[in-house]
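Whatever order the structure lists ligands and atoms in, that order sets their numbers, starting from 1. Residue numbers count from 1 along this sequence. When reading the values below, keep in mind they use all heavy atoms of this one structure, side chains included, and skip hydrogens, waters and symmetry mates.
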Amino acid sequence: MIKLPIYLDYQATTPLDPRVLEVMMPYLTNKFGNPHSTNHSFGWEAEAGVEVARKQVADLIGAQADEIIFTSGATESNNIAIKGLAYAAFPARNHIITVATEHTCVLESCRSLERAGFKVTYLPVNGDGLIDINELNNAITSKTSLVSVMAVNNEIGVIQDLKKISQLCRDKDIIFHTDAAQAIGKIPFDMTALKIDLLSISGHKLYGPKGIGALYIRNNIAIRPLALFDGGGQERGLRSGTLAPALCAGLGAACRISGHDDEHISTLSEKLKSLIMGELDGVRLNGSETMRYPGNLNFLFEGVKGDLLVKELRNIALSTGSACSTEKTGPSHVLTALGLDKKQMECSLRIGFGRMTTIQEIDYAAEHIIHSINKIRRLQAVAKSF
Ligand SMILES: Cc1ncc(COP(=O)(O)O)c(C=O)c1O
C-alpha cells in the first residue's frame, strides 16, 4: 500500500532520518548544557557532542575537524565564504567570479558586494548547464580573489567539474569556494585530493535537521574570510553565537550515515526516466544527461505547463523550481541561463527523490504523471479544434 501524498521534492528538503533524530534527542532533553560553558560537566558534555559531530562532518569530506565551523545552514556558509573572503582580500583584490546558475543566496551575496563597489563576473553556462573552463580562465584577472562555483545545481542537478575548476584556481592563486548544499552525501568529496578552499554544507539536504550547516575552511588557506557579525568569537572567531548541540549532533549523524544511497537512487532514476521517456513524446531532460546527480530529474514536457501539472497531481509533492526564493515567482534564472524560452521554462518540472523513496512510489508517480500529461494534451487539442 502506498501512503499518499508522495514526497518528490527532495531538493527543497529531505526527511529527517530517524537515526539522526535518535542522536539529537539527548541534547534536546537531559544534555542541555551550553557547549561554551567551560566550568562544569553540563557544558563539557554538550561540547563533547559538538566535537564528535565536527569530526563526523570532517570525516565525510576527508577534512580535519578544525577545518569545520558550524553555521545555521548553507545560506549562512555561502555568505561567510563569499562576503567574508571578498572583504578580507580587499583592497588588494576587488573582483570575484561566480556562475549565473548559482543558488539565490550566492547571487544575492554577490549583488550585495557589487553594491559595495566590488566587481563580479557571472559566468554563463552551456546548454547542458555546465561552465566552460576556458571562459573561467579568461575571466580571471590579477584583481580576482575568489571563484565560487556550485557542486550540484539545485534546480537541474548538474555536477560541475570541480576537479578541473579548483585546480585552475589553485594554479592562479585564487581562493575557490563551492556551494555543496546539494552535493554532500550524494557525490564523494576528498579534500586531500581536491583543491577546494571553502565548501558549504546544509543539514536538511542530507537527511539531517533544518537550521544547521557547516563551512569547511582549508587550514592553510591563503586568505581567511572575515566574520560577518560580532559576538563571543565562537567557531574560531568566524561565527559568534551559542551553538545548538542537538542540531550539530544531527548534522554529524547525518554525515556519518550518508553515502549508501547511490545504487537505490540510480535504480529509481533509471526507472522513472525510462517510464516517462518511453511512454511520452515531446519530453526531454533539462541539463546534462551524464554529469548529473540522478536523484534530480528536471523534465521539459512540451506544451504542458508545470504549474498545471503540479495542480493536477495533488497526491504528489513536486516543484517547478527552487523553494529557496519564496518571494520570487518569475522565470527560473537557471533555466533562463540554459537558453530556454519562456514557454519551455513554464513547461519544466523538477522531480526529486532519495533515500526514503520506494520503487512503488516511482511507479505510482510515473503512471500519474503520464496520465495527466496525456489528459492535458488531449484537452488542449480539443480546445484548439474549436
Ligand atoms: C544549492 C543550494 N545552496 C544553498 C541553499 C541554502 O541552504 P539552507 O537552506 O541550508 O540555507 C540551498 C537550499 O535550497 C541550495 O539548494
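- A donor atom on one side chain and an acceptor atom on the other are found under 3.5 Å apart for His177 and Ser200.
- Atoms of ligand 1 found under 4.0 Å from any heavy atom of Gln182 (numbered from 1 in listed order, with element): 1 (C), 15 (C), 16 (O).
- With a 4.0 Å heavy-atom cut-off, ligand 1 is reached by the side chain of Ala181 but not by its N, CA, C or O.
- In this structure, Arg54 pairs ionically with Glu51, as a charged nitrogen and a carboxylate oxygen lie closer than 4.0 Å.
- Residue Glu76 has no N or O atom closer than 3.5 Å to an N or O atom of ligand 1.
- Proximity of His204 to ligand 1, defined as any heavy-atom pair under 4.0 Å, is confined to the side chain (atoms from C-beta onward).
- Salt bridge status for Lys273 with Glu270: present, with a side-chain N to carboxylate O gap under 4.0 Å.
- Note: no N/O pair closer than 3.5 Å links Met150 and ligand 1 by distance alone.
- Using a distance-only test at 3.5 Å, with no hydrogens or angles considered, a donor-acceptor pair links the side chain of Thr71 to the main chain of Gly73.
- Using a 3.5 Å distance cut-off with no hydrogens or angles, the side chains of Ser332 and Glu155 do pair a donor with an acceptor.
- Proximity of Lys205 to ligand 1, defined as any heavy-atom pair under 4.0 Å, is confined to the side chain (atoms from C-beta onward).
- Nearest-residue assignment for atom 7 (O) of ligand 1 (options Ala151, Gly73, Ala74; heavy-atom criterion): Ala74.
- A salt bridge does not link Asp59 to Arg256: none of the charged nitrogens lies less than 4.0 Å from a carboxylate oxygen.
- Here the closest heavy-atom approach between residue Thr121 and residue Ala139 is recorded as CG2-CB, 4.1 Å.
- Taking any N or O of Asp179, backbone or side chain, at least one lies under 3.5 Å from an N or O belonging to ligand 1.
- Which parts of ligand 1 touch Asn154 is read off a 4.0 Å heavy-atom cut-off, strictly below it: atoms 1 (C), 16 (O).
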